[in-house]
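Here is the structure we will look at.
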Amino acid sequence: MVKYIIIDTETTGLNIINDKPFLIQYGLVDENLQLTQTTLFDPTTDIKERQYFENLLQIIPTIVGHNIKFDIHMLINAGFKQSYFVDKNYIDTAVMARLVVNHDEQADKTFLVGLKKLAVRYLGINSADEEHKLKVELSHLNSVHKQKMKDHFIAKGLWNMSLSRTEETKEINQIYNSWNKYYHLYAHLAKERGLFLKANPAPTYADVSNVRAYALTDIKLTHGLFKLWYQKLVSIRQDDTLKRVSAAVWPLIIMERKGMSVDLKRVLDDRNKLLAELAVCKIIDPRNGEEIKIGQHAKLKELYEYESGMSLIGADKHVRNEIQHLSASAKIADYISNMNKYMTTYITGILNKMVPVGNEFKVFTDYNLAGTITGRLSGDFQQFPKEPLELKTGDKINIRSWFIVPNNDKYMFYFDYSQLELRLQCEWTNIVCGEPDLNMARAFSPYKCMKIGDKFYLEEDLNTEWKPVDLHGLTTKHAFPGIDETHPDWDHYRKLGKMTNFAVNYGASAPKIQEALKVDYDTALALVNGYKKAFPGVVAFKKWVGNRVWSADHIPNLFFRRYYSRNRHQLQNWLVQGSGADLLLLKLREVFNYIRNRPHWNFLITVHDEIGFTCTDIPEAQLRQEVNEIKELMSYSMSAVDVLADVEYTTTTWADKESWK
DNA sequence: AGCGAGCCGTAC
DNA sequence: GACGTACGGCTCGCTG
């Protein structure tokens with residue numbers, strides 16, 4: 001009897017919306033986890049096979065795959081109905097790896113969750129040769145295509161025939177491989193390049209002759225991992241976590257397919273501003289007049305050392321900041337570095353990803369369900385700068401302003417958990433000590449307070465009214481006795497306390513505090529001790545983790561995802577961060593179940609502690625009610641403090657979001 | 001030319 | 001062991 005279907009696809013590329021599968025492979029697996037059948041077919045031509053597969057999709061409840069979300073996108077792009085996938089069970093073998101493999105082994109940099117890598121490591125199967133052959137052939141097809149493009153320009157009389165061989169190679173590479181970065185240099189080729197690509201699409205794996213010969217290998221590898229790990233996963237009781245991840249698969253797929261709408265004009269305007277400024281800002285070595293590029297760190301370090309007369313540890317922004325007054329190059333490099341980052345990572349990056357959809361331009365990401373040890377989602381939308389970049393011309397480049405409300409929507413909403421990890425840390429102190437850390441708890445709620453009228457008073461001192469504890473101020477006061485809010489430099493001291501709180505929560509000790517805060521060792525030590533006095537519960541938690549790693553082979557997080565590790569230092573963070581990750585996964589499904597019958601709401605984005613939505617223009621009373629209901633759904637009660645979402649919204653751009661009242 | 005390590009800068 | 005988790009771009013050196 002067929003219990004599972006393993007699915008894999010070969011596609012024209014990696015874009016989850018634009019690309020399509022030219023081969024679909026599947027394997028059928030029975031209740032004993034035996035692979036009973038493997039099949040591959042072309043969904044556009046093998047109609048009988050396609051119908052058979054479509055029938056299987058409807059009757060088999062569990063889909064297995066390696067990075068299964070991607071293959072579901074491809075099935076949708078091939079025309080299979082979305083309704084087949086909404087309530088399926090998903091077993092992703094990459095996620096299984098994260099749940100089953102010892103976590104100290106995973107922390108090793110050589111551990112990767114790619115199918116081929118896992119197959120080598122855990123199945124002893126090396127299919128590198130097969131993959132290599134495919135890559136070589138595609139690479140060859142691309143070279144031919146590139147040459148053909150150059151020939152096209154030559155035929156049209158647009159190519160500069162006096163270039164040296166080196167210059168020629170550089171130019172055609174820029175035009176062919178990095179067009180979005182360099183197109184401003186080749187305006188005369190833009191039209192013909194577009195026409196050429198339309199008539200001669202770039203080759204894809206669909207054009208590689210021997211794909212079919214190797215296509216079933218991945219099904220066998222995926223089955224191998226599934227069979228190897230499934231019983232173990234159940235026996236170590238990670239199956240509930242697998243189900244939690246599985247339930248988030250469909251919500252993430254529809255979020256990914258919504259994409260983010262881009263204001264292309266604004267992106268291009270900002271690109272022009274940056275180009276103009278970059279053209280007049282150069283780092284020139286005064287000794288020889290040669291230009292050094294911002295990425296040439298070794299050369300820059302040497303130049304900074306020459307100019308400052310100091311021995312430096314690197315060439316990053318901290319180093320530059322130290323020597324700005326001594327090195328003119330460091331000062332200009334600071335400015336260029338910012339602009340370069342925006343230009344390469346964000347502008348070129350977004351142009352590379354952008355696809356026209358109707359009369360909009362959109363970018364799509366895919367969230368990686370197996371990208372982290374802790375269980376966090378990862379993805380490339382997690383790092384858009386919050387603060388605008390100010391140019392010397394007075395212009396401001398604000399990346400979040402490029403992302404606008406989609407055409408048919410009216411709002412973008414952002415439900416953001418407030419101080420998520422601190423609240424989870426507080427819950428851990430309660431689990432470990434039997435009661436929460438008093439100061440932490442009272443930062444978020446009137447814990448152990450008595451309500452008199454509509455005010456709260458501390459149980460141990462009914463004359464003192466409760467107000468939320470200032471966590472950063474508390475560390476500061478313990479570190480610097482005698483200094484409080486009345487001190488003229490309070491803001492400065494509190495900043496040190498705040499930085500210490502974050503660093504110590506991540507596991508920092510005095511030497512790193514000293515380095516990061518640029519204070520002397522005694523001050524760093526005082527700050528760390530200030531933290532310890534302020535939050536004795538957290539100190540107890542760290543100690544508990546240290547004991548537990550030797551008294552048991554694993555520690556479960558607040559949602560019972562287990563970490564098999566003896567690394568106290570990393571675990572203290574994994575237990576907090578991973579609990580946040582699991583809460584988010586859980587809530588993604590709960591909120592999906594709420595909006596699935598309210599199609600005016602759509603998922604837009606998620607970044608570790610927030611979920612973004614779009615909403616169409618619905619009556620205000622209904623909107624207010626539903627926002628409250630989503631907020632309520634997202635909240636999570638714990639013993640002493642709750643996790644709550646703040647709500648922000650915009651009707652224009654991401655950069656302009658404001659509090660929802 | 002392709003690839004990987006190392007550096008840098010951004011997010012939570 | 002000693003500041004956690006990520007991603008993307010660039011340069012440089014190695015390889016064939």
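In what follows, chains carry the letters A, B, and so on, assigned in the order in which the sequence lines appear, proteins first and then strands, with residues in each chain numbered from 1.
- A:Gly379 comes within 4.0 angstrom of sugar-phosphate atoms only, judged by non-hydrogen atoms across all strands, and of no base.
- Contact check, A:Arg98 against C:dT5: no side-chain N or O comes under 4.0 Å of OP1 or OP2.
- Remark: A:Tyr342 engages A:Tyr346 in a ring-ring contact (aromatic ring centres under 6.0 Å, His included) (not counting sequence neighbours).
- Residue A:Ser139 places no side-chain N or O under 4.0 Å from the OP1 or OP2 atom of B:dA1.
- Distance, A:Met499 CE to C:dG4 C1': 16 Å, rounded to whole Å.
- As a whole-Å value, the separation of A:Asn142 CG from B:dG2 C1' is 13 Å.
- Contact between the side-chain N/O atoms of A:Trp574 and the OP1/OP2 oxygens of C:dT5 is found at a separation under 4.0 Å.
- The cationic atom of A:Arg271 (NZ for Lys, CZ for Arg) lies less than 6.0 Å from the six-membered ring centre of A:Tyr183 and within 45° of the ring axis.
- When distances run from any side-chain atom of A:Arg320 to the nucleotides B:dG9, C:dT11, C:dC3, the shortest one goes to B:dG9.
- Contact check on A:Glu421 versus A:Arg376 returns a salt bridge, with a Lys/Arg side-chain nitrogen under 4.0 Å from an Asp/Glu carboxylate oxygen.
- Salt-bridge annotation for A:Arg244 and A:Asp582: present, with a side-chain N of the basic residue lying under 4.0 Å from a carboxylate O of the acidic one.
- Side chains of A:Asn352 and A:Asn180: a donor on one and an acceptor on the other come within 3.5 Å.
- Which of B:dC8, C:dA2, C:dT11 sits closest to the side chain of A:His569 comes down to C:dA2.
- Distance, A:Asp108 CG to C:dT5 C1': 17 Å, rounded to whole Å.
- Counting to the nearest Å, the C1' atom of C:dT5 and the CD atom of A:Gln572 are 14 Å from each other.
- One interatomic measurement links the two molecules: CD1 of A:Ile350 to C1' of C:dG9, which rounds to 14 Å at whole-angstrom precision.
- In this entry the distance linking CD1 of A:Ile397 with P of B:dG9 reads 19 Å, nearest Å.
- Taking atom NZ of residue A:Lys109 and atom P of nucleotide B:dC7, one finds them 13 Å apart after rounding to whole Å.
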All N/O pairs under 3.5 Å across the protein-nucleotides 10-12 of chain B interface:
| residue | atom | partner | partner atom | Å |
| --- | --- | --- | --- | --- |
| B:dT10 | OP1 | A:Asn338 | OD1 | 3.3 |
| B:dT10 | OP2 | A:Lys317 | NZ | 3.0 |
| B:dA11 | OP1 | A:Lys386 | N | 2.9 |
| B:dA11 | O4' | A:Gln382 | O | 3.2 |
| B:dC12 | O3' | A:Asp609 | OD1 | 3.1 |
| B:dC12 | O3' | A:Asp609 | OD2 | 3.0 |
| B:dC12 | O2 | A:Arg376 | NH1 | 2.9 |
| B:dC12 | O2 | A:Arg376 | NH2 | 3.0 |

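- Residue A:Thr169 is classed as a sugar-phosphate contact, given heavy-atom separations below 4.0 Å to backbone atoms only.
- Donor-acceptor pairing under 3.5 Å is lacking for the side chains of A:Asn567 and A:Ser565.
- Closest contact between the side chain of A:Asp380 and the listed nucleotides C:dC7, C:dC3, C:dG4 involves C:dC7.
- Counting any heavy atom pair closer than 4.0 Å across all strands shown, A:Ser337 reaches sugar-phosphate atoms only and no base atom.
- Close to B:dG2, at under 4.0 Å from its OP1 or OP2, lies no side-chain N or O of A:Lys135.
- Across all strands shown, A:Ile294 has no heavy atoms under 4.0 Å from either base or sugar-phosphate atoms.
- Neither side chain, A:Asp656 nor A:Thr650, offers a donor N or O lying under 3.5 Å from an acceptor on the other.
- At a threshold of 4.0 angstrom between heavy atoms, the contacts of A:Ala581 with the nucleic acid are absent.
- Look at CG on A:Asn321: it is 11 Å from P on B:dG9, rounded to the nearest Å.
- The side chain of A:Gln570 lies closest to C:dG1 when the candidates are C:dG1, C:dC3, B:dA1.
- Within the 4.0 Å cut-off from OP1 or OP2 of C:dT5, not a single side-chain nitrogen or oxygen of A:Ser378 is found.
- Taking the centre and axis of the six-membered ring of A:Trp402, the NZ or CZ atom of A:Arg266 falls outside the cone set by 45° and 6.0 Å.
- Counting non-hydrogen atoms under 4.0 angstrom, A:Lys181 reaches the backbone sugars and phosphates but no base.
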